[in-house]
2 protein chains.
Amino acid sequence: MRMSEGVEWALHTCLNLSWAPPGEAVTAGRLAAFYDLPAAYLNKQLQALARAGVLTSASGPRGGFRLAREPGRITLMDIVAAIEGGEDAFRCEQLAGKGPGGRDDVDYRATCFISREMRQAELAWRRHLASRTLADIRAAVERSFPETPESTRNGFANARA
Amino acid sequence: MRMSEGVEWALHTCLNLSWAPPGEAVTAGRLAAFYDLPAAYLNKQLQALARAGVLTSASGPRGGFRLAREPGRITLMDIVAAIEGGEDAFRCEQLAGKGPGGRDDVDYRATCFISREMRQAELAWRRHLASRTLADIRAAVERSFPETPESTRNGFANARA
DNA sequence: GCTCCCATACTCGGATAAGATTTGTCCGAGTACTATTGG
DNA sequence: CCAATAGTACTCGGACAAATCTTATCCGAGTATGGGAGC
């Protein structure tokens with residue numbers, strides 16, 4: 001059970017976008033240059049974020065990506081779900097229904113105690129991620145590293161591509 | 001981020017083993033027949049559980065698998081970790097260290113706020129799984145379906161292989 | 001009759017392929033800017 | 001001098017390939033059983 005590498009990219013990139021000059025879109029190329037990532041692949045992840053409504057995108061000169069709403073209304077869960085898809089990691093194949101005494105007319109995703117506990121565990125995970133917004137992270141970073149907003153903007157400005 | 005199918009098999013199989021006649025080992029073949037699973041592949045998962053110390057294994061006639069300790073001391077986390085490996089789903093590649101202002105002598109897995117929150121979320125997940133034992137599940141099942149212990153033993157007895 | 005030994009059948013264990021998902025790359029569609037041309 | 005227009009460069013978007021992980025299968029190593037021979 002390994003989470004896609006793109007999730008980390010997406011999280012950091014969204015955070016960086018929260019420091020972008022207001023009203024300006026940032027291209028995938030610049031966002032990728034920030035961490036020296038393959039631009040085309042990061043672009044793919046950003047597309048997913050755009051489809052999920054986390055980012056807005058624009059083509060052409062002056063185009064690029066920007067946050068679709070204020071950072072306080074974007075949770076880590078939003079970003080993770082956009083990249084990984086909303087499905088549970090543990091997918092109950094209703095094994096209990098295939099054993100002796102199993103019946104076809106019962107939905108074991110609701111009945112099976114194993115399935116329930118696994119779902120509860122994931123729910124705890126989801127809840128934590130949903131309780132943290134980009135604004136929270138941003139504030140914590142700024143408190144520890146006050147120079148970050150400016151150095152991030154400089155990073156965008158200096159990056160070629 | 002998809003959890004291996006083997007985790008579901010392992011959980012159900014361990015639960016079934018908790019109902020096995022005491023002192024008797026059950027072969028991978030019978031455990032697989034219970035849910036009509038590919039025996040050789042289930043065997044592979046059971047090997048992992050044995051390596052992790054959840055099960056004990058024995059070769060030859062009268063051989064097979066059995067729980068390595070009482071069900072009250074086997075958590076769902078033990079089983080999941082045995083199959084999936086203990087590593088986190090989110091693996092911090094220390095992206096923050098590769099950006100402007102990043103330094104090589106800092107461990108960003110501890111510093112980076114994104115990494116921290118992701119780890120916290122997974123910790124919540126782990127905690128839930130670690131708080132539930134096989135005995136808990138078994139008790140819940142027996143309360144709702146009192147015939148399960150016997151029908152499971154019958155399933156083992158009747159299964160060919 | 002009892003014991004020892006050997007052949008046998010059974011089961012786990014790890015090495016070996018097939019399939020699926022993730023990762024990475026490329027080129028085309030669309031858009032805003034710019035320079036040029038005509039009024 | 002101003003406006004309209006055509007060209008141009010730039011960016012996202014989705015289609016296409018490589019690599020990695022998961023899933024599945026197979027055969028060999030080891031072990032308890034059962035029968036037979038010897039005492």
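Bear in mind the structure is a predicted one, so any value in this text is a computation, not a measurement. Throughout, a chain's letter reflects where its sequence line sits, starting with A, and its residues are numbered from 1.
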Atom pair distance, as rounded to whole Å: [atom1] in [X] and [atom2] in [N]:
{"X": "A:Arg51", "N": "D:dC12", "atom1": "CZ", "atom2": "P", "value": "14 Å"}
{"X": "A:Met1", "N": "D:dT22", "atom1": "CE", "atom2": "P", "value": "11 Å"}
{"X": "B:Leu31", "N": "C:dT11", "atom1": "CG", "atom2": "C1'", "value": "12 Å"}
{"X": "A:Arg66", "N": "D:dC12", "atom1": "CZ", "atom2": "P", "value": "12 Å"}
{"X": "B:Leu46", "N": "C:dT11", "atom1": "CG", "atom2": "C1'", "value": "12 Å"}
{"X": "B:Arg91", "N": "C:dT22", "atom1": "CZ", "atom2": "C1'", "value": "13 Å"}
{"X": "B:Gln45", "N": "C:dG13", "atom1": "CD", "atom2": "P", "value": "13 Å"}
{"X": "B:Glu8", "N": "D:dT23", "atom1": "CD", "atom2": "C1'", "value": "15 Å"}

Next on the checklist: Check whether A:Gln45 reaches the backbone of A:Val7 with its side chain - one donor and one acceptor, N or O, closer than 3.5 Å.
Outcome noted: no
Item to check | Closest non-hydrogen atom pair between B:Pro149 and B:Glu142, with its separation | outcome: CG-OE2, 3.6 Å
Checklist outcome for this item: B:Asp107 and B:Thr111 have their tightest heavy-atom pair at O-OG1, 3.2 Å
Next on the checklist: Mind checking if B:Ala58 touches a base, just sugar-phosphate, or nothing, with heavy atoms under 4.0 Å?
Outcome noted: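 Sugar-phosphate, backbone atoms only, no base.
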Hydrogens and angles aside, do [X] and [Y] bring a side-chain donor and acceptor to less than 3.5 Å of each other?
{"X": "B:Asn16", "Y": "B:Thr13", "value": "no"}
{"X": "A:Asp136", "Y": "A:Thr133", "value": "yes"}
{"X": "A:Ser131", "Y": "A:Arg127", "value": "no"}

Next on the checklist: Check whether A:Phe156 forms a cation-pi arrangement with A:Arg153 (NZ or CZ under 6.0 Å from the six-membered ring centre, at most 45° off the ring normal).
Outcome noted: no
Checklist entry - Using a cut-off of less than 4.0 Å, is there contact between a side-chain N or O of B:Arg2 and OP1 or OP2 of C:dT22? => result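 No.
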Next on the checklist: Strictly below 4.0 Å: does B:Thr27 bring a side-chain N or O up to OP1 or OP2 of C:dC12?
Outcome noted: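 No, B:Thr27 has no side-chain N/O under 4.0 Å of OP1/OP2 on C:dC12.
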Checklist outcome for this item: Under a 4.0 Å heavy-atom criterion, the protein footprint on nucleotides 24-32 of chain C, written with B, S and -, is BBB---BBB
Next on the checklist: Of the options D:dC21, C:dG13, D:dG13, whose atoms approach the side-chain atoms of B:Ser57 most closely?
Outcome noted: C:dG13
